[in-house]
Amino acid sequence: MVTPGFAERLVEWQQVHGRHGLPWQGTSDAYRIWVSEIMLQQTQVTAVVPYYQRFMRSFPDVGSLASASEDHVLQHWSGLGYYARARNLRRAARLLMSEHGGVFPRTAAVIETLPGIGRSTAAAIAAFAFGESGAILDGNVKRVLARYFGVRGWPGDPRVQAVLWAHAESLMPGRDVGIYTQAQMDLGSLVCVRGRPRCGECPVRPDCVAHREQLTASIPGRPPKKVLPHRRAALLVCVHAGTVLLEKRPPTGVWGGLWSLPETDGNDAEAIKCIANRYGVSVADCEPLTSFEHGFTHFTLALEPWLVRVAAAAPATHEPGRMWLALDDAVGAALPAPIKRLLRSLARETGRLFSRA
DNA sequence: AATGCGGGGAC
DNA sequence: GTCCCAGCATT
């Protein structure tokens, strides 16, 4: 009697206890699987589901995504974060049409050459869509393997990550690779969770180093904590006839390619008026709104919105990269989440905003 | 090797 | 409040 291996136990567990009803499961359509994998990068399943449904309705296949405008694609990503994913997704779709005849490549090695797809995502797509055997290493697998093998240290550390990749490869089964790939993710997200793992439900507990040595609380190790720098920026909320002036952000950097409010480092009414004039806006009056903070991964941004009432919109404001958007349409535009929230709250107060104009 | 890149869910 | 999530690209 041979003791079942790690992969066999996970596959068996997956059939009974794994997740099966997610919108991107039950298909071998590489396109549908690809989109889900990109959305799920650094993003939890519950957050992805509604975005995924809407995205697939608008872009049901590679061709429709390739022919869509970047702005249209970003609209569907608004609020999901990491917007380079959306730009890369569209870019890859166009590459698929122009370089691959519209056919999704069938090997992880080729899939990985597409923008936005790294080693782990390529292996996952190849496993789910084509049954190709290959290790993955996402947040779930890192946690599971670090505990199972007793690997200390922070999994974000490249040296730790290299060890985990080697372990992941060593455990690859020769069959059921799609189920096994899903099993690793599901075990990590349902059982081998960060806090209070449910070791009583774990199929590989007997061989788990962290469980045996009571290290599940300290493995995986924590990243070095650092103090986030604070930055501030003023936002120009130029309102005119129920519309607001938006500016397209540069293609790279924070909120890359999205539409947002004109931003400046000015911090008094005179500076704001001066900047507004530079946008071709004839300022009637100007008042500060309630400031708020927005946290990014690597800094905290204090945003100070200024309400700029516009006497008349100048013709120069129809340049590319600028537009006047009806406040009520903000919800459907390619805007960052905090900007969208701000505009929604302004839309509710439109009466008050214009009452003194 | 280090850094940039979002937003929200879970606790 | 903190931590972290189906990571990748760039430098």
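Each chain gets a letter, A, B and so on, in the order the sequences are listed, and its residues count up from 1.
- Here the side chains of Pro115(A) and Leu95(A) are in contact, with some heavy-atom distance below 4.5 Å.
- Within the structure, a side-chain polar atom (N or O) of Arg222(A) is placed less than 4.0 Å from OP1 or OP2 of dC4(C).
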Kindly give the atom pairs (protein nitrogen or oxygen, nucleotide nitrogen or oxygen) under 3.5 Å for nucleotides 9-11 of chain B.
from, atom 1, to, atom 2, distance (Å)
dG9(B), O4', Gln44(A), OE1, 3.2

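- Counting only heavy atoms from C-beta outward, the side chains of His20(A) and Gln182(A) never approach each other to under 4.5 Å.
- Side chains of His17(A) and Leu190(A) form no contact here, defined as non-hydrogen atoms less than 4.5 Å apart.
- Between Arg143(A) and dC5(C) there is a side-chain N or O to OP1 or OP2 distance below 4.0 Å.
- Remark: Thr121(A) is in phosphate contact with dC8(C), judged by side-chain N or O atoms under 4.0 Å from OP1 or OP2.
- Residue-level contact check: Val45(A) touches the bases, meaning some heavy atom is under 4.0 Å from a base atom.
- Of all nucleotides listed (dG8(B), dA6(C), dG6(B)), dA6(C) comes nearest to the side chain of Glu37(A).
- Side-chain contact check for Tyr82(A) versus Gln42(A): some heavy-atom pair is nearer than 4.5 Å.
- Computed from coordinates, the Leu40(A) CG to dA6(C) P distance equals 8 Å when rounded to whole Å.
- The gap from the P atom of dG6(B) to that of dT11(C) amounts to 15 Å, rounded to the nearest Å.
- Using a 4.0 Å heavy-atom distance criterion, Trp24(A) is classed as a base contact.
- For dC4(C), the OP1/OP2 oxygens have a side-chain nitrogen or oxygen of Arg194(A) closer than 4.0 Å.
- Within the 4.0 angstrom heavy-atom criterion, only backbone atoms of the sugar-phosphate kind lie near Gly253(A); the bases stay farther away.
- Nucleic acid contact for Ala84(A): none, since no nucleic acid atom lies under 4.0 Å from a heavy atom of the residue.
- When each of Leu335(A) and Pro158(A) is assigned the nucleotide of DNA chain B with its nearest heavy atom, Pro158(A) is the one assigned upstream, toward the 5' end.
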Pair Arg309(A)-Glu287(A), salt bridge (charged side-chain N to carboxylate O under 4.0 Å, His left out): steps then yes or no: CA-CA 9 Å; Arg309(A) 291 194 182 85; Glu287(A) 71 172 89; 3.3 Å; yes
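- Separating the P atom of dC5(B) from that of dA6(C) is a span of 23 Å, rounded to the nearest Å.
- In this structure, Lys142(A) atom NZ and dC3(C) atom P are separated by 17 Å, rounded to whole Å.
- Proximity of Gln41(A) to the phosphate of dA6(C): no side-chain N or O atom is located under 4.0 Å from OP1 or OP2.
- Inter-residue side-chain proximity for Arg322(A) and Leu246(A) is flagged as unmet; no heavy-atom pair is nearer than 4.5 Å.
- Side-chain contact between Gln161(A) and Lys142(A) is present, with heavy atoms from C-beta onward closer than 4.5 Å.
- A tilted orientation is assigned to the rings of Phe104(A) and Phe130(A), their planes being inclined by 30° to 60°.
- For the segment residues 76-83 of chain A, residues with any heavy atom less than 4.0 angstrom from an atom of DNA chain B are, sorted by number, Gly79(A), Leu80(A), Gly81(A), Tyr82(A), Tyr83(A).
- Between Tyr279(A) and Cys238(A), the closest side-chain pair of non-hydrogen atoms is not below 4.5 Å.
- With Trp24(A) as reference, Tyr52(A) is the one residue of Tyr51(A), Phe55(A), Tyr52(A), Phe128(A) to meet the ring pair (Phe, Tyr, Trp, His ring centres under 6.0 Å) rule.
- The interatomic distance linking Lys226(A) (NZ) with dC3(C) (P) rounds to 12 Å, in whole Å.
- Residue Trp154(A) contributes atom CH2, which lies 10 Å from atom P of dT3(B) at whole-angstrom precision.
- A side-chain donor-acceptor contact under 3.5 Å links Ser120(A) to the backbone of Leu137(A).
- Gln182(A) comes within 4.0 angstrom of a base, heavy atoms only.
- Using a 4.0 Å heavy-atom criterion, one finds that Thr43(A) contacts the bases of the nucleic acid, with or without backbone contacts as well.
- By the 30° and 60° cut-offs, the orientation of the rings of His72(A) relative to Phe59(A) is perpendicular.
- Comparing dG7(B), dC5(C), dC4(C) by their closest approach to the side chain of Trp255(A) singles out dG7(B).
- Ring centers of Trp255(A) and Phe296(A): under 6.0 Å apart, within the cut-off.
- With rounding to whole Å, Gln25(A) atom CD is found 13 Å from dA6(C) atom P.
- Rounded to an integer number of Å, the gap from Tyr52(A) OH to dA6(C) P is 17 Å.
- Atom CG in Leu89(A) sits about 16 Å away from atom P in dG7(C), given to the nearest Å.
- Phosphate proximity of dC5(B) to Arg87(A): absent, as no side-chain N or O sits under 4.0 Å from OP1 or OP2.
- Residues from residues 294-304 of chain A lying near DNA chain B, meaning a heavy-atom separation below 4.0 Å, are His294(A), Phe296(A), Thr297(A), His298(A) in numerical order.
- Nearest approach of Pro155(A) to Val160(A), heavy atoms of both residues: CA-CG1, 3.7 Å.
- At whole-Å resolution of the value, NZ in Lys225(A) and C1' in dC4(C) are 14 Å apart.
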